[in-house]
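Below is one structure, written out as structure tokens; comments come after it.
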Amino acid sequence: MNSLLNKIALVTGASAGFGAGIADALVRAGMKVYITARSADKIKSVAQQIGAIPIVADVTKAEDWDRVFAQILDTDNRLDILVNNAGGGGTIAEMADQTDDNIEQVIMLNLTGAIMGCRRAAKIMKAQRSGTIVNISSLCSVEAWAGWGVYAAAKAGLDQLTKHLYVELRPFGARATT
């Protein structure tokens, strides 16, 4: 029996790479999959190739998260899996050479955006008493390489958030993992 058949998933950062691959695997498992990215052309192309539903959205914008969740709930009235995949390293440079703008962008994309998605998904999953949040982290969260400090800090924060979220969701039959 396929436990994913006819379930509803959302995968962020799905216009290429891991996100597109994860979304494709979920579609092939029988799920209805919504995919997001900032590039309309790219996300629509991937959606057409794999059979997903594209939504142009930027995970660093709360209003985009609200719009994405409203569309999913209006259409399907549930969310079974959220995959917070959107992310990126920004400018890889030693701390002394970082800019404030790059630091803010990397933290927003890799941590704050995922937190905003987790908040919305957790509310839904607690109410429906089921669901899974998957936060895509990085080896950078536990290793150290020159130039990767900002990205690593964001991913380490995501790891820690996920541990707390797991504890909060568990009594409601939902879970979180990285």
Please collect all salt bridge (Lys or Arg N to Asp or Glu O under 4.0 Å) contacts where either partner lies in residues 82-101, sequence neighbours excluded, each pair once.
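Residue pairs with at least one partner in residues 82-101: there are none.
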Tell me the salt bridge (Lys or Arg N to Asp or Glu O under 4.0 Å) pairs involving residues 6-17, sequence neighbours left out?
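For residues 6-17: none.
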Enter the distance from [X]:[atom1] to [Y]:[atom2] here, rounded to the nearest 0.5 Å.
X: Y151; Y: W145; atom1: OH; atom2: CH2; result: 9.5 Å
X: I81; Y: L4; atom1: CD1; atom2: CG; result: 5.0 Å
X: Q71; Y: D76; atom1: CD; atom2: CG; result: 9.5 Å

Which residues pass the side-chain hydrogen bond (donor to acceptor under 3.5 Å, both in side chains) test with [X], not counting sequence neighbours?
X: Q160; answer: H164
X: D80; answer: R78
X: Q49; answer: S45
X: D159; answer: S137, S141

Could you walk me through whether L5 and M31 pass the side chain to side chain contact (heavy atoms under 4.5 Å, CB included) check?
CA-CA 5 Å; L5 192 62; M31 296 191 76; over 6 Å; no
Any heavy-atom pair between the side chains of T91 and T99 that's under 4.5 Å?
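Answer no - side chains too far apart.
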Of the non-hydrogen atoms in [X] and [Y], which two are nearest, and what is the gap between them?
X: V27; Y: A52; result: CG2-CB, 4.3 Å
X: K42; Y: S15; result: CB-CB, 3.6 Å
X: L158; Y: T162; result: O-OG1, 2.7 Å

Are [X] and [Y] linked, directly or through other ILVMFWY residues, by side chains that come within less than 4.5 angstrom of each other?
X: I72; Y: V33; answer: no
X: V167; Y: M125; answer: no
X: I124; Y: Y166; answer: no
X: L169; Y: I136; answer: no
X: I53; Y: I43; answer: no

Determine whether a donor-acceptor pair (N or O, by modelled atom type, separation under 3.5 Å) exists between the side chain of [X] and the backbone of [Y].
X: N135; Y: N84; value: no
X: S138; Y: C140; value: yes
X: Q128; Y: L79; value: yes
X: W148; Y: I92; value: no

Verify whether one side chain among D41 and S39 offers a donor that lies under 3.5 Å from an acceptor in the other.
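Their side chains do not contain a donor-acceptor pair, so the 3.5 Å distance test is not met.
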Is the NZ atom of K126 crowded by more than 12 outside heavy atoms at less than 6.0 Å?
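No, because the 6.0 Å sphere around NZ of K126 holds 12 heavy atoms or fewer from other groups.
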I'd like a table of donor-acceptor pairs (distance under 3.5 Å, sequence neighbours excluded) in which one partner is a side-chain atom from residues 19-26, with atom names and distances.
from	atom 1	to	atom 2	distance (Å)
D24	OD1	R28	NE	3.2
D24	OD2	R28	NE	3.0

Audit row: L82, V134, side chain to side chain contact (heavy atoms under 4.5 Å, CB included) steps and yes/no
CA-CA 6 Å; L82 166 62; V134 180; over 6 Å; no
Contacts under 3.5 angstrom, residues 104-122 side chains, donor-acceptor by atom type, not counting sequence neighbours:
from	atom 1	to	atom 2	distance (Å)
N110	OD1	G88	N	3.1
N110	ND2	G88	O	2.6
N110	ND2	V106	O	2.9
R120	NE	D66	OD1	2.7
R120	NH1	M116	O	2.9
R120	NH2	D66	OD1	3.0

Non-neighbouring partners of E63 that pass side-chain contact (heavy atoms from CB on, under 4.5 Å), sequence neighbours left out:
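K61.
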List in chain and number order the residues that pass side-chain contact (heavy atoms from CB on, under 4.5 Å) with T36, two or more places apart in sequence or in another chain; answer none if no residue qualifies.
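For T36 the side-chain contact (heavy atoms from CB on, under 4.5 Å) partners, ignoring immediate neighbours, are L10, T12, I55, A57, V68.
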For L165 and I133: C-alpha separation, side-chain torsions, deciding distance, then whether side chain to side chain contact (heavy atoms under 4.5 Å, CB included) applies.
CA-CA 9 Å; L165 191 56; I133 297 171; 3.7 Å; yes
Would you sort out whether Q98 and V150 count as a side chain to side chain contact (heavy atoms under 4.5 Å, CB included), showing the intermediate values?
CA-CA 9 Å; Q98 288 285 342; V150 176; 3.9 Å; yes
Please list, one pair per line, the donor and acceptor atoms closer than 3.5 Å that link side chains of residues 170-178 to other protein atoms, with sequence neighbours excluded.
from	atom 1	to	atom 2	distance (Å)
R175	NE	T132	OG1	3.0

Those residues that, when tested against R67, pass salt bridge (Lys or Arg N to Asp or Glu O under 4.0 Å) (two or more places apart)
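Partners of R67 by the salt bridge (Lys or Arg N to Asp or Glu O under 4.0 Å) criterion, ordered by chain and then number, come out as D64.
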